[in-house]
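Just so it is clear, the structure is predicted and the values come from calculations on it, not from any experiment. A, B, ... follow the sequence lines: proteins, then strands. Residue 1 opens every chain.
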Amino acid sequence: MPGIDYLGEFEHIVVLALLRLGDQAYGVTVRQEIELRIGREVSIGAIYATLDRLEAKGYVKSRLGDPTPERGGRSKRFFRVSAKGMAAVNRTHRALQSMTVGLDLVRSCSW
Amino acid sequence: VNLFTPYEQSESILGDLLEEFSDLESKSGMAFACRWYWRQSVRTVAHLIGSGFRGGPWKIAGFVVVGFLLSFFCGGRLEEAVVAVLNFGRHPHDNPYYTWSQAQARIRLIMYGDLVGHLLLSLSIGCIVAMAVKGREMVAAITLAFVLSVPAIGLSLVWSARHGPFLPLQLINPLNGSIMIVIGGGIVRKIRWTAASRTTPVKSAKSDEC
């Protein structure tokens, strides 16, 4: 459908991590959440590249927090999912669900 | 990381790296934390280069072609320019040297002048390409350096296999030039980063333990 955008695999994972983390979503926590949940080591650069792309599309919004000493006086950049981002994650989720309906994934992968 | 990201983003990335480094250092020790820090930094820079290129591939490709053409055409005229500089103010019919040592000195001047001219030209081309591609200065400079050095690296490998490890100047020059192009890109990036940091001041980093 023209004009309707779905999230890519990693974009989907990052947006779900933001939703899980709520107000505490920034680079470190997003990276750790992904590592914890799916066991995949990702770089901070990959997280920020994806978050910037999502922000450019209007799916996430960011704000700067206060500088903290353990970060060398640098601010945290907190992210949250926008209404447009929520619509995109729901759309992607529904698309994946409809594509998997009727498929017995466990059995079809058993060969 | 500073060289590959906009100012605001680099502050967040460096802050995140430092926070996780401090956390790992207290849990697992300095050696482990340092290994993690450098691995993350290298992977982060690789991602930033990739995403920088994907963000505007045609623009970067266009200016890389411009840089390549500049390097090709200006590089071909370099020796003429050096000789013209050395002959500046001299009458065309004057003999520029009188003894063998003077002739040797003149040849050395032309050779070193050519080398210095080549390095300065490459630095300038790196700066020009980086200035044209705002926000992706290093990506453009690295791409151009890569494009220029690939034929030289290939020829160097063939030469080394046939004639031994000592490469002729014609093969070393493009490699030096590529390094100078990256340095040129870095200079432009650093100037822009410093200008951005003046408009958005933040506190300085804690330390560089690694």
Side-chain angles (χ1 to χ4, degrees), chain A residues 5 7-11 13-15 17-18 21 23-80, chain B residues 1-27 32-33 35-57 135-136 138-139 193 196-197 200-210:
Chain A
D5 193 13
L7 298 173
E9 182 216 5
F10 195 61
E11 288 177 341
I13 290 170
V14 169
V15 171
L18 293 185
L21 291 162
D23 290 342
Q24 289 305 307
Y26 67 102
V28 173
T29 53
V30 172
R31 205 191 73 76
Q32 288 174 345
E33 181 74 11
I34 292 172
E35 212 166 286
L36 183 76
R37 295 267 166 198
I38 62 173
R40 173 171 157 184
E41 196 192 352
V42 287
S43 73
I44 294 276
I47 300 282
Y48 274 94
T50 308
L51 285 169
D52 278 347
R53 197 164 59 244
L54 289 168
E55 194 168 25
K57 288 179 185 173
Y59 293 163
V60 301
K61 288 181 175 171
S62 69
R63 66 175 175 85
L64 282 180
D66 293 327
T68 54
E70 72 271 15
R71 296 171 61 84
R74 295 181 174 93
S75 306
K76 288 175 184 171
R77 191 169 158 208
F78 290 101
F79 293 87
R80 69 177 176 80
Chain B
V1 172
N2 283 345
L3 289 173
F4 292 93
T5 51
Y7 175 72
E8 303 80 18
Q9 197 179 338
S10 73
E11 284 297 294
S12 312
I13 293 177
L14 290 173
D16 284 353
L17 282 172
L18 196 58
E19 184 182 329
E20 281 210 77
F21 169 79
S22 308
D23 192 34
L24 280 173
E25 188 202 351
S26 58
K27 283 179 188 164
F32 180 83
R35 275 200 303 277
W36 176 89
Y37 186 89
W38 283 109
R39 199 173 62 239
Q40 272 289 326
S41 300
V42 169
R43 290 180 65 184
T44 292
V45 167
H47 261 287
L48 293 172
I49 292 173
S51 62
F53 193 82
R54 284 193 298 274
R136 297 189 183 90
M138 287 305 287
V139 177
W193 197 88
S197 68
T200 321
V202 289
K203 290 174 189 172
S204 60
K206 186 175 74 177
S207 62
D208 294 329
E209 286 95 339
C210 289

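Looking at B:R39, only its side chain comes within 4.5 Å of chain A, counting heavy atoms on both sides. Heavy atoms of A:E41 lying under 4.5 Å from chain B belong to its backbone as well as its side chain. Only the side chain of A:R31 comes within contact range of chain B, with at least one heavy atom under 4.5 Å from a heavy atom of that chain.
Minimum heavy-atom separation, A:R71 to B:S12: NH2-O, 3.3 Å.
Interface summary for chain B: among A:A56, A:G27, A:A46, the most heavy-atom pairs under 4.5 angstrom belong to A:A46.
Remark: A:K61 NZ is loosely packed, at most 12 non-hydrogen atoms of other residues, nucleotides or ligands lying under 6.0 Å away.
Note that the OH atom of A:Y48 and the OG1 atom of B:T44 stand 10.0 Å from one another [nearest 0.5 Å]. Expressed to the nearest 0.5 Å, how far NE2 of B:H47 lies from CD1 of A:I44 amounts to 11.5 Å. One distance of note links CG of B:L18 with CZ of A:R74; it measures 6.5 Å at 0.5 Å rounding.
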Apply salt bridge (charged side-chain N to carboxylate O under 4.0 Å, His left out) to residues A:K76 and B:D16 and explain how you reach the verdict.
CA-CA 8 Å; A:K76 288 175 184 171; B:D16 284 353; over 6 Å; no

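Side-chain N or O atoms of B:E20 include none that pairs as donor or acceptor with a backbone N or O of A:V28 at under 3.5 Å.
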